[in-house]
Amino acid sequence: LPHTGKSIRVGITGVPGAGKSTTIENLGLRLCEKGHRLAVLAVDPSSTVTGGSILGDKTRMEHLSRHPHAFIRPTPSGGALGGVARKTRETVLLCEAFGFDILILETVGVGQSEIAVRSMVDCFLLLMIAGAGDELQGIKKGVIEIADAIVVNKADGDNERRARLAKAEYNRVLHFLQPATEGWQTPALTCSAITGAGMEELWQTVLDFMQHVRATGIFTQRRQQQNVAWLKSMLEEGILNYFFQHPEIASRLPQLQSAVASGKAPATAVARELLQHFFQP
């Protein structure tokens, strides 16, 4: 623990096909060339059928994965809330203890549960593409409200004009929304993960944001809140595991589940019965 807490923690999420991995590779290579040590914790979605995960982030970040100053850890989400593996917080601390000064958490995708990522990072980036962006389609308003910057990717070639229009539309929308961080006006930016255009501006925005939260004391407050959130999630997970591993619960649950499935017993009554039996054996 004495060797942790000194990094910049950045979360990146976005709609499918927005180019999250490509953006991270382009940005990551630039940061490594500047002397930073970068750790990327990329969470792959686990199959709801087999429970398996492809873990293909290292193939999508081919050049970055070979850089001596970069470490990429693809992790199956395992169905955890927010697309973040249960041990992601511990992995963050380990990477910091080993001297990585920038951490990027790439999440599975967009949804209300991305709030789980918000509780682990300092700066939260939302990656979008033109076409989904200017009409605010394919994304929930709640995700925009927790973003510290919205980045419209693929602003190159014939798509550059549409990306700039989407950026302008987002800036208009953001003007009417409460910012995710007090005193910080969430900006909309454009970039191209292919050409590298806008990458320097993107990282400068992250640095400006970090300067703001450190100067206002929000940084320390947010890190403290994250530690408390971590404690709470560990308690919830521990209690849940203890409940289902309890011998009496484990022996009675299959029969009661069958009763609920067949409609012979209401779920509310069964849940109440199990909880009462657990707390008052």
Side-chain angles (χ1 to χ4, degrees), residues 4-15 18-21 23-32 34 36-43 64 70 82-84 88-89 91-93 95-96 100-111 113-128 139 142-153 167 170-171 174 177-191 193 198-227 229-230:
T4 65
K6 300 178 181 66
S7 73
I8 297 176
R9 304 171 185 173
V10 181
I12 294 183
T13 190
V15 296
K20 294 187 289 292
S21 297
T23 300
I24 292 172
E25 178 171 55
N26 192 308
L27 180 62
L29 287 171
R30 292 168 183 268
L31 294 173
C32 289
K34 291 181 180 180
H36 293 288
R37 296 191 67 203
L38 172 69
V40 180
L41 308 181
V43 183
L64 183 61
V84 178
T88 300
R89 286 185 173 91
T91 311
V92 166
L93 296 180
C95 289
E96 289 179 341
F100 292 95
D101 61 328
I102 297 175
L103 273 70
I104 295 179
L105 275 67
E106 179 194 2
T107 71
V108 170
V110 167
S113 56
E114 298 300 300
I115 295 171
V117 184
R118 169 84 273 180
S119 69
M120 296 185 195
V121 298
D122 304 314
C123 184
F124 188 69
L125 305 178
L126 174 59
L127 205 63
M128 298 295 293
I139 185 170
V143 183
I144 296 179
E145 290 177 328
I146 63 173
D148 295 308
I150 294 179
V151 186
V152 182
N153 190 23
K167 169 188 171 181
Y170 276 123
N171 276 320
L174 290 167
L177 296 178
Q178 182 177 344
T181 302
E182 185 179 355
W184 171 262
Q185 179 57 52
T186 304
L189 314 167
T190 59
C191 76
M199 286 296 172
E200 293 296 333
E201 182 187 1
L202 169 58
W203 185 246
Q204 187 58 50
T205 299
V206 174
L207 294 179
D208 292 344
F209 174 83
M210 294 302 298
Q211 183 179 4
H212 167 75
V213 294
R214 286 192 170 113
T216 57
I218 295 175
F219 175 81
T220 302
Q221 181 184 14
R222 184 167 283 175
R223 285 285 178 98
Q224 291 172 347
Q225 291 172 345
Q226 289 175 0
N227 288 337
W230 185 10

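Going from atom SG of Cys95 over to atom CG of Asp101 covers 11.5 Å, rounded to the nearest 0.5 Å. Of the inter-residue distances, the one linking Ile8 atom CD1 with Arg214 atom CZ reads 5.5 Å to the nearest 0.5 angstrom. Remark: Arg89 CZ to Thr91 OG1 distance equals 11.5 Å, nearest 0.5 Å. We find the CG-CD distance between Leu126 and Glu145 to be 12.0 Å, quoted to the nearest 0.5 Å. Atom CG of Leu202 and atom CG of Leu189 lie 6.5 Å apart (nearest 0.5 Å). Rounding to the nearest 0.5 angstrom, the gap separating the OG atom in Ser21 from the CD atom in Glu106 is 3.5 Å.
Contact record, Asp122 with Ser7: OD2-O, 3.8 Å, taken as the closest heavy-atom pair. Across all non-hydrogen atoms, the minimal contact from Cys32 to Leu38 is SG-CB, 4.1 Å. Between Leu105 and Thr88, the shortest heavy-atom distance links the atoms CD2-CG2, 3.8 Å. The two residues Phe124 and Thr13 have their closest heavy-atom pair at CZ-CG2, 3.4 Å. Shown here for Ala180 and Thr186, the closest heavy-atom pair between the two residues is N-OG1, 4.1 Å. The minimum heavy-atom distance linking Ala149 with Thr205 is given by the pair CB-CG2, 4.4 Å.
Atom CD of Gln211 has 12 or fewer neighbouring heavy atoms from other residues, nucleotides or ligands inside a 6.0 Å radius. The 12-atom threshold is exceeded at CD of Gln204, counting heavy atoms of other residues, nucleotides or ligands nearer than 6.0 Å. Heavy-atom neighbours of Gln178 CD from other residues, nucleotides or ligands within 6.0 Å: at or below the threshold of 12.
Within the 4.5 Å cutoff, no side-chain heavy atoms of Thr216 are placed close to those of Thr181. With a 4.5 Å cut-off on side-chain heavy atoms, Cys191 and Asn26 do not count as touching. Counting heavy atoms from C-beta on, the side chains of Val10 and Val121 never come closer than 4.5 Å. Inter-residue side-chain proximity for Ile150 and Lys167 is flagged as unmet; no heavy-atom pair is nearer than 4.5 Å.
Residues satisfying the salt bridge (Lys or Arg N to Asp or Glu O under 4.0 Å) test with Glu200, not counting sequence neighbours, are Arg30, Lys34.
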Intermediate values then yes/no, side chain to side chain contact (heavy atoms under 4.5 Å, CB included), Arg9 and Arg223: CA-CA 10 Å; Arg9 304 171 185 173; Arg223 285 285 178 98; 3.5 Å; yes

Test side chain to side chain contact (heavy atoms under 4.5 Å, CB included) applied to Glu25 and Val40, step by step: CA-CA 9 Å; Glu25 178 171 55; Val40 180; over 6 Å; no

Hey, mind stepping through Trp230 and Val92 against side chain to side chain contact (heavy atoms under 4.5 Å, CB included) and telling me if it holds? CA-CA 12 Å; Trp230 185 10; Val92 166; over 6 Å; no

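Looking at Trp184, its side chain never comes within 3.5 Å of a backbone N or O of Phe209 through a donor-acceptor pair. Remark: side-chain polar atoms of His212 are paired, donor with acceptor, to backbone N or O of Glu182 under 3.5 angstrom.
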